[in-house]
Amino acid sequence: MLGVIGAMEEEVQLLLNHVSDQKQAVHAEITVTTGTYKGTEIALAQSGIGKVNATICTQMLIDLYKPKKLIFSGVAGGLLPNMRAGDMIVASHVVQYDMDLTAFGRRHGETPGRDRLIECNPDLVAKATQAFDLAFEDMADGPNLMLGTIASGDRFVQDKDMLRWLQREFAALATEMEGAAFGHTCSLNDLPFVVIRALSDSSGSSASGDFEDNLHRACHNSFKLMDQMIPEAMAGHKRGERRSEDRRG
Ligand code: ADE
C-alpha cells in the first residue's frame, strides 16, 4: 500500500479521478480513499492545511492503512528569483522553519534529538525525478525541476524579507505548510517518504493573488508527475520482498 496525501481538495482531486475500485472512510474528519491507481494499491487522503493537520493525517494513515511508503504532493511558494509558476520541486530534505528553540542555543528549525533537515528517501527522490522526465519530456517550454530543501511552517509566506530569510537560513527552494510535519511523522515511524511540489507563487507581495491564479496549473503539473510516479513508487519495495522470499526459498 502506498500512502498519498495532499492538503487541499484541488491537490488531491485529479489523482482521485484515476483511483479505481474506490472505497471511502472518514477518520478525524479526514476522508481517505482506498483503491488501485494504475495497478498500485493506494490510500489517498486530503489532510487539510497546516502542520497539525498534516501530522494527524499522516499518523492516522500509517496506523490504519499501514502504507509501506508515503508521498505528499501539492503546491508551494518558490523562494528563488528565477523560478516560474508551474516549476517543480522534489524535496531532498524538509525542515520545520518555525520550530524555534534559539532561546536555548538551538538553530532555527531544530527539534531536540532529531536532524534539523529531515532527509527524504533517496530512492523515492530518484523515482520522482525520473517521473518528472517522463511526464514533461515531450512538452515544449515545460516546467523546470529542482531538487533541494523545502521549508514548512504554519504561515502563508507573502513577504520578501521572510522569503529571503528562508532561502538564506535553510538554503530552501520553496515553502509550504505541511511537508516537514509529514516528513517528521514518517521519519518517527521509520517509513520512506518524499514531498513533491509545483510552484503556485513566488512567496512575495503578490503571492496570494498569484496562488489563486496559478493553483489549477500547478496542481495539474503536480498530478502529471504523480501519475507517472505512483506505478513506480512501490517497485523497489516489491523487488525487496521478492529478494527476501528468494532467500527463504
Ligand atoms: N503554498 C503555496 N504558496 C505558499 C506560500 N507562499 N506560503 C506558504 N505555503 C504556500
Side-chain angles (χ1 to χ4, degrees), residues 4-15 45-58 71-100 108-109 117-118 120 128 132 143-185 193-226:
V4 177
I5 307 178
M8 294 167 58
E9 189 180 344
E10 292 86 344
E11 294 172 307
V12 294
Q13 189 57 51
L14 294 171
L15 289 171
Q46 185 193 329
S47 62
I49 295 169
K51 292 194 292 141
V52 172
N53 281 329
T55 306
I56 292 168
C57 181
T58 307
I71 307 174
F72 204 109
S73 81
V75 303
L79 298 174
L80 296 180
N82 56 348
M83 291 170 159
R84 294 180 311 174
D87 283 350
M88 300 220 52
I89 313 290
V90 172
S92 60
H93 296 82
V94 288
V95 58
Q96 285 187 68
Y97 70 76
D98 53 359
M99 171 58 78
D100 185 351
H108 283 283
L117 300 185
I118 307 166
C120 297
F132 173 89
N144 296 306
L145 171 69
M146 292 185 79
L147 265 70
T149 299
I150 291 182
S152 313
D154 284 317
R155 170 173 176 177
F156 185 87
V157 177
Q158 175 155 241
D159 166 356
K160 211 170 175 185
D161 291 338
M162 178 76 182
L163 84 85
R164 275 204 190 126
W165 179 73
L166 292 173
Q167 218 287 312
R168 291 175 187 174
E169 177 68 32
F170 303 102
L173 301 176
T175 185
E176 36 80 310
M177 302 178 67
E178 297 85 21
F182 161 78
H184 183 88
T185 310
F193 70 93
V194 69
V195 177
I196 296 167
R197 297 284 187 174
L199 300 184
S200 55
D201 59 85
S202 309
S203 314
S205 56
S206 62
S208 57
D210 295 345
F211 175 89
E212 280 166 5
D213 292 346
N214 297 317
L215 180 63
H216 183 76
R217 179 154 56 106
C219 286
H220 185 70
N221 283 359
S222 183
F223 160 71
K224 279 188 68 151
L225 193 157
M226 290 293 289

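Whatever order the structure lists ligands and atoms in, that order sets their numbers, starting from 1. Along the sequence shown, residues are numbered consecutively beginning with 1.
When only non-hydrogen protein atoms are considered, atom 9 (N) of ligand 1 lies nearest to E176 CA, 3.4 Å. Closest to atom 7 (N) of ligand 1, if we only count protein heavy atoms, is V157 N, 2.8 Å. Annotation: atom 4 (C) of ligand 1 to nearest protein heavy atom, F156 CE1, 3.3 Å. Nearest protein heavy-atom neighbour of atom 8 (C) of ligand 1: R155 O, 3.4 Å. Scanning all protein heavy atoms for the shortest distance to atom 3 (N) of ligand 1 gives D201 OD2, 2.6 Å.
Here the shortest heavy-atom pairing between T175 and S203 reads CG2-OG, 3.6 Å. Closest heavy-atom contact between G50 and D154: CA-OD1, 3.5 Å.
Of all atoms in ligand 1, numbered sequentially from 1 with element shown, those under 4.0 Å from a heavy atom of F211 are 2 (C). The contact set between ligand 1 and S203, taken as ligand atoms under 4.0 Å from a residue heavy atom, comprises 6 (N). When each atom of ligand 1 is checked for a heavy atom of S200 under 4.0 Å away, the hits are 2 (C), 3 (N).
Under the 3.5 Å distance criterion, the side-chain polar atoms of E11 are matched with a main-chain donor or acceptor of V75. A donor-acceptor contact shorter than 3.5 Å is absent between the side chain of D87 and the backbone of L199. Using a distance-only test at 3.5 Å, with no hydrogens or angles considered, no donor-acceptor pair links the side chain of D201 to the main chain of D210. A donor-acceptor pair is defined here as one N or O able to donate and one able to accept, closer than 3.5 Å; such a pair exists between the side chain of T55 and the backbone of K51.
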Quick one: do S152 and Q96 satisfy side-chain hydrogen bond (donor to acceptor under 3.5 Å, both in side chains)? Show the steps, please.
CA-CA 5 Å; S152 313; Q96 285 187 68; over 6 Å; no

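With a 4.0 Å cut-off on non-hydrogen atoms, A76 touches ligand 1 through its backbone and not its side chain.
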